[in-house]
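Order of the sequence lines fixes the chain letters, A, B, ..., with proteins taken first and strands second; residue numbering starts at 1 for each chain. Fair warning: this is a prediction, and the values are worked out from it, not measured in the lab.
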Amino acid sequence: MQALSEQEINRRENLKKLTELGIDAYPSDTFEVNATAEEIKSNFKAGDNTYQEVSLAGRMMSQRIMGKASFAELMDSTGRIQFYINRDEICPGEDKTMYNDVFKKLLDLGDFIGIKGFAFYTQTGELTIHVKEFKLLSKALRPLPVVKIDDEGKVHDAFTDPETRYRMRYVDLVVNPEVREVFRQRTKMYNSIREYLNVRGYLEVETPILQPLYGGAAARPFKTHHNTLDMTLYMRIANELYLKRLIVGGYDGVYEFSKDFRNEGMSRFHNPEFTQIELYVAYKDYEWMMNLVEEMVEKVAIDLHGTTEVKVGENTINFKRPWKRYTMFEAILAFTQIDISEMDEDSLRATAKSLKVHVDGTMGKAKLIDEIFGEHVEPKLIQPTFITDYPVEMSPLAKKHKSKPGMVERFEAICNAKEICNSFSELNDPIDQRERFESQLELGKRGDEEAMVLDEDFLRALEYGMPPTAGLGIGMDRLAMIMTNQNSIQDVLFFPQMKKENPS
RNA sequence: GAUUCCGUAGCUCAGCUGGUAGAGCAUUACACUUUUAAUGUAGGGGUCCUGGGUUCGAGCCCCAGCGGGAUCACCA
């Protein structure tokens, strides 16, 4: 253990002195709370008879001691409120210990206390709790960063170091209320989606995270081992194949908020564990699903912001239906003025080169189209936009297009230049599915580490028959970044993955 | 993985051309019964990320490592 800092030593000494005074710094009894800072602030008016016997609990975040009276701030989960303490009211008798020693010296910033008293306005007009008694609820042995806000609302000495904020999120949450709000919004987003789907009768389910075969996406997995069964297990990269098994089993609609794991690079858009929601609905197709996505995401925006407009960085994104729809070819035509819909592989490669897109010899038709799109279209799609009809080679689990050869019935929604969802009419032809898996195996043999593996049990399930089904995956972290205007995935994950901390 | 910037007190940050460590807040002591970035006075607090090197002398220059951010590449 590292040597204690001066302030940590002081706090430990204060703890000892409190114990000597017979004060338990970590009492076990409940402290009854009957009001919150926010509630009092929004409801109390001077002269009211309300809030005259309040009881609040939280951390003491600042102290302004003026001799025999003091002002301090209490922060509970709803916000901060000032309180006032007067020596002779706290200590009516001869013994002034509770004020002179306990309040003024032995309490430290960050300690949890409970206060009882009444609400009033000070001479300067600040809503304040006049404290009649207080109680230490839990002592903080480490000092918090001190962030101050002046009367113009300017923040001084903000706690901003990203490394410390992510490693010690608990501290970040204590001192940065806007961070607490981001995660409230994230939960609200989940609730909004859950509500939308539950109302429609879809069943929220749980499927295995530890899987004997990883499937449903193209990615490298985390590998682990079960001792008793002596078998290799993988952390799921997607839950698609399990949810489809449930559709085979007879449910009309199933969804799961799925923590998925991919053993790949990290960036401000990528964390090794991340969350997708996947939804599968029987007897529907991708056109139907497009309407659902529009409606559901529009609802999320309204539930979070009261409007369909959301500010993200420099942009204002409007989720109001209907969203723009392009086929892949139309989108490329619109942004490059080149019609590639009739091109063979050679002219595609030439076109890609002329557009300064990176090409190499291993790229097939599908990959070339994808590169052109990624380079020249995606970065320009700020407002929510559907891109439909992808080449079959890139979508081994999607159904072939009903009228366009070589294409599958698939769409992605792009927003703020990033994919936020991926969806298709699910492939339910077991023979076609086997062939697609087999061509994936070929890719794997040629060294593609992300190629899908063949899942015999999934094929067996399809052979029992899966109804026509529309499937959807939404990257919840990406959506949260947009909905809460955060620049990095680390800012919408409580505990983003970090390297090992320095031992010093 | 590549490039680039960064790492100094509990927090936020200065630190010049290499000359022996600074500020504000926090902390300690005293004063102060309606303050609010409270105030006044006086003090204490440092493995300058780690390890090497150059130098009479390194927070600063060089090399290596660790950690973080940004950008790029693969991917959601």
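- At least one test fails for A/Lys68 against the ring of A/Tyr99: distance under 6.0 Å to the centre or angle within 45° of the axis.
- Nucleic acid contact for A/Gln82: base, since at least one base atom lies under 4.0 Å from a heavy atom of the residue.
- The phosphate of B/rA38 (OP1 or OP2) has a side-chain N or O of A/Arg64 nearer than 4.0 angstrom.
- Comparing B/rG69, B/rA73, B/rG10 by their nearest atom to the side chain of A/Gln490 picks out B/rG69.
- Within the nucleic acid shown, A/Ala217 has no heavy atom closer than 4.0 Å to any nucleic acid atom.
- Atom CE of A/Met266 is separated from atom C1' of B/rA73 by 16 Å (rounded to the nearest Å).
- Side-chain contact check for A/Gln497 and A/Asn271: no donor-acceptor pair (N or O, by modelled atom type) lies under 3.5 Å.
- Regarding A/Asn176, its CG atom lies at a distance of 12 Å from the C1' atom of B/rU12, rounded to whole Å.
- Nucleic acid contact for A/Asn271: base, since at least one base atom lies under 4.0 Å from a heavy atom of the residue.
- Nucleic acid contact for A/Glu412: none, since no nucleic acid atom lies under 4.0 Å from a heavy atom of the residue.
- The separation between A/Met168 atom CE and B/rG68 atom C1' is 13 Å, rounded to whole Å.
- Rounded to the nearest Å, the gap between the C1' atom of B/rU27 and that of B/rC63 is 40 Å.
- Evaluation of atom-type donor-acceptor distances gives a pair under 3.5 Å for the side chain of A/Asp157 against the base of B/rG24.
- B/rC5 and B/rC48: their P atoms are spaced 24 Å apart (whole Å).
- Taking a pair to require two hydrogen-bonding distances under 3.5 Å in either a Watson-Crick or a G-U wobble arrangement, B/rU27 pairs with B/rG43.
- Nearest heavy-atom pair across A/Met407 and A/Asp389 is CE-O, 3.0 Å.
- In this structure, B/rA2 forms a base pair with B/rU71, meeting either the Watson-Crick or the G-U wobble geometry with both donor-acceptor distances under 3.5 Å.
- Closest-nucleotide positions on RNA chain B for A/His156 and A/Lys499 were compared, and the one nearer the 5' end corresponds to A/His156.
- Atom C1' of nucleotide B/rG65 and atom NZ of A/Lys500 are separated by 14 Å, given to the nearest angstrom.
- Using a 4.0 Å cut-off between charged nitrogen and carboxylate oxygen, A/Lys17 and A/Glu13 do not count as a salt-bridge pair.
- As a whole-Å value, the separation of A/Glu163 CD from B/rC5 P is 19 Å.
- Both distances falling under 3.5 Å, in either a Watson-Crick or a G-U wobble arrangement, place B/rC61 opposite B/rG53.
- Note on residues 376-397 of chain A: pairs passing ring-ring contact (aromatic ring centres under 6.0 Å, His included), not counting sequence neighbours, are A/Trp323-A/Phe386, A/Phe386-A/Phe411.
- In this model, the phosphate group of B/rA26 is approached by a side-chain N or O of A/Lys148 to a distance below 4.0 Å at OP1 or OP2.
- Side-chain N/O atoms of A/Asn100 and A/Arg87 include no donor and acceptor closer than 3.5 Å.
- Listed nucleotides B/rG68, B/rU12, B/rC25 differ in distance to A/Val146; the shortest reach to its side chain belongs to B/rC25.
- Among the atoms of the strands shown, base atoms are found under 4.0 Å from some heavy atom of A/Glu126.
- In this structure, the ring of A/Tyr84 has its center less than 6.0 angstrom from the ring center of A/Phe71.
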Q) Which letters describe nucleotides 27-34 of chain B, given B = protein heavy atom under 4.0 Å from base, S = only from sugar-phosphate, - = neither? A) SS-S-BBB

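- At the heavy-atom level, A/Lys96 lies nowhere under 4.0 Å from the strands shown.
- Between A/Glu409 and A/Lys399 there is no salt bridge, since no side-chain N of the basic residue sits under 4.0 Å from a carboxylate O of the acidic one.
- Comparing the P positions of B/rU8 and B/rU12 gives an interatomic distance of 9 Å, to the nearest angstrom.
- Where A/Asp151 and A/Tyr166 meet RNA chain B, the nucleotide closest to each residue was compared, and A/Asp151 sits on the side nearer the 5' end.
- When the C1' atom of B/rC66 is taken as reference, atom CE of A/Met498 falls 13 Å away, rounded to whole Å.
- One C1' atom belongs to B/rG44, the other to B/rA21, and the distance between them is 15 Å to the nearest Å.
- Taking atom CG of A/Asp161 as the reference point, atom P of B/rA9 lies 11 Å away to the nearest angstrom.
- A salt bridge does not link A/Arg268 to A/Asp491: none of the charged nitrogens lies less than 4.0 Å from a carboxylate oxygen.
- Rounded to an integer number of Å, the gap from A/Arg80 CZ to B/rA37 P is 13 Å.
- The C1' atoms of B/rA31 and B/rG68 are separated by 45 Å, rounded to the nearest whole Å.
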